[in-house]
Amino acid sequence: MTRTQGAVLAGMLALLALPPAQAQDKAAGQAVFKAQCSICHSTEPEHNMAGPTLYDVVGRRAGHVAGFAYSDANRNSGIVWSVDTLDLYLTSPKGVVPHNAMTYGGVKDASKRADLIAYLTTLR
Ligand code: HEC
């Protein structure tokens with residue numbers, strides 16, 4: 001993907017942003033993280049595993065953790081991770097960032113996803 005396509009995609013993501021889900025439960029989100037993400041992602045700074053650390057992920061540009069070998073698709077996506085972009089990405093990682101290297105199908109349940117993202121916002 002080119003930078004321009006990435007910027008266009010980021011704009012589309014902003015427009016598509018869904019209204020925030022209600023009653024997110026961070027503890028339930030942590031349980032989802034442990035069950036579905038922790039095999040590949042750490043929550044500690046500078047600790048990359050099969051996936052990049054998710055410490056401080058909210059507010060960070062996609063593909064910018066030092067020392068992690070991202071796919072070009074992710075690095076050049078132009079996405080900034082926010083509650084809204086994470087919601088779209090975690091619904092369908094390959095749908096939102098085609099050819100990205102995360103071998104994970106997504107969290108289809110909207111309320112689980114909201115809990116998970118509420119937990120991700122605490123990682124700082
Ligand atoms: C099988 C391993 C694996 C699992 C399971 C997995 N991921 Fe990933 N994740 C990756 C890899 C690898 C990347 C880097 C993708 C790339 O470079 O294209 C990634 C990238 C990401 C990114 C982008 C980070 C950045 O710095 O741009 C986020 C956010 C993310 N994953 C969240 C999650 C969450 C939340 C879960 C659980 C619901 C999850 N991942 C499950 C392997 C995984």
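Just so we're clear, the structure is a prediction, and the values are computed from it rather than from any experiment. Every number for a ligand or one of its atoms is a count from 1 in the order of the listing.
- Regarding atom 36 (C) of ligand 1, its nearest protein heavy-atom neighbour is Cys37 SG, 2.8 Å.
- Side chains of Arg61 and Ser77 form no contact here, defined as non-hydrogen atoms less than 4.5 Å apart.
- Looking at heavy atoms from C-beta onward, Thr91 lies out of side-chain contact with Val96 at the 4.5 angstrom threshold.
- Side-chain contact between Met102 and Tyr89 is present, with heavy atoms from C-beta onward closer than 4.5 Å.
- Between Asp72 and Arg75, at least one side-chain N (NZ, or NE/NH1/NH2) sits under 4.0 Å from a carboxylate O, which counts as a salt bridge.
- Salt-bridge formation is detected for the pair Asp87/Arg113: a Lys NZ or Arg NE/NH1/NH2 atom is positioned less than 4.0 Å from an Asp or Glu carboxylate oxygen.
- In summary, the side chains of Tyr104 and Gln36 do present a donor paired with an acceptor at a separation below 3.5 Å, with no hydrogens or angles considered.
- The shortest heavy-atom contact between Ala73 and Pro98 is CB-O, 3.3 Å.
- Heavy-atom contacts of Leu86 reach the following atoms of ligand 1: 29 (C) (cutoff under 4.0 Å).
- Backbone or side-chain N, O or S atoms of Tyr104 do not reach atom 8 (Fe) of ligand 1 at under 2.8 Å.
- Residue-to-ligand polar distances place Ala101 within reach of ligand 1: an N/O pair is separated by less than 3.5 Å.
- Taking any N or O of Gly63, backbone or side chain, at least one lies under 3.5 Å from an N or O belonging to ligand 1.
- The shortest contact between atom 22 (C) of ligand 1 and any protein heavy atom is with Tyr89 CE2, 3.8 Å.
- Atoms of ligand 1 lying under 4.0 Å from any heavy atom of Val107, numbered from 1 in the order shown and given with element: 38 (C).
- Taking backbone and side-chain atoms together, Cys40 has no N/O/S atom less than 2.8 Å away from atom 8 (Fe) of ligand 1.
- In the hydrophobic cluster analysis, where Ile, Leu, Val, Met, Phe, Trp and Tyr join through side-chain heavy atoms closer than 4.5 angstrom, Phe68 is grouped apart from Tyr55.
- Residue contact check: Trp81 has heavy atoms under 4.0 Å from atoms 23 (C), 24 (C), 25 (C), 27 (O) of ligand 1.
- The nearest pair of heavy atoms linking Ile39 to Met49 is O-CE, 3.6 Å.
- Counting heavy atoms from C-beta outward, His41 and Pro52 have side chains that approach closer than 4.5 Å.
- Atom 12 (C) of ligand 1 has as its closest protein heavy atom Ala50 O, 3.3 Å.
- Among protein heavy atoms, atom 40 (N) of ligand 1 sits closest to His41 NE2, 2.8 Å.
- Near Ala62, meaning under 4.0 Å from any of its heavy atoms, are these atoms of ligand 1: 27 (O).
- Distance from atom 5 (C) of ligand 1 to its nearest protein heavy atom, with residue and atom name: Gln36 O, 3.3 Å.
- Looking only at heavy atoms of the protein, atom 32 (C) of ligand 1 is closest to Leu54 CD1, 3.7 Å.
- Of the listed options Met102, Arg75, His99, Met102 places a heavy atom closest to atom 15 (C) of ligand 1.
- Looking at atom 26 (O) of ligand 1, its nearest protein heavy atom turns out to be Tyr70 OH, 2.6 Å.
- Close approach of ligand 1 to Leu116 is summarised as follows: ligand atoms under 4.0 Å from at least one heavy atom of the residue are 35 (C), 38 (C).
- Atom numbering of ligand 1 starts at 1 in the shown order; those under 4.0 Å from a heavy atom of Ser71 are 16 (C), 17 (O), 18 (O).
- Using a 4.0 Å cut-off to heavy atoms of Phe68, the atoms of ligand 1 that qualify are 14 (C).
- In terms of hydrophobic clustering, with Ile, Leu, Val, Met, Phe, Trp and Tyr side chains grouped at heavy-atom distances under 4.5 Å, Val58 and Leu116 are assigned to a common cluster.
- Taking a cut-off of under 4.0 Å to the non-hydrogen atoms of Arg60, the atoms of ligand 1 that pass are 24 (C), 25 (C), 26 (O).
- Side-chain contact, Asn100 with Tyr70: no donor N or O sits under 3.5 Å from an acceptor N or O.
- Side-chain atoms of Gln30 and Leu120, non-hydrogen and from C-beta on, never get closer than 4.5 Å to each other.
- Only side-chain heavy atoms of Leu90 come within less than 4.0 Å of ligand 1; its backbone N, CA, C and O stay farther off.
- For Pro52, every heavy-atom contact with ligand 1 shorter than 4.0 Å involves the side chain, none the backbone.
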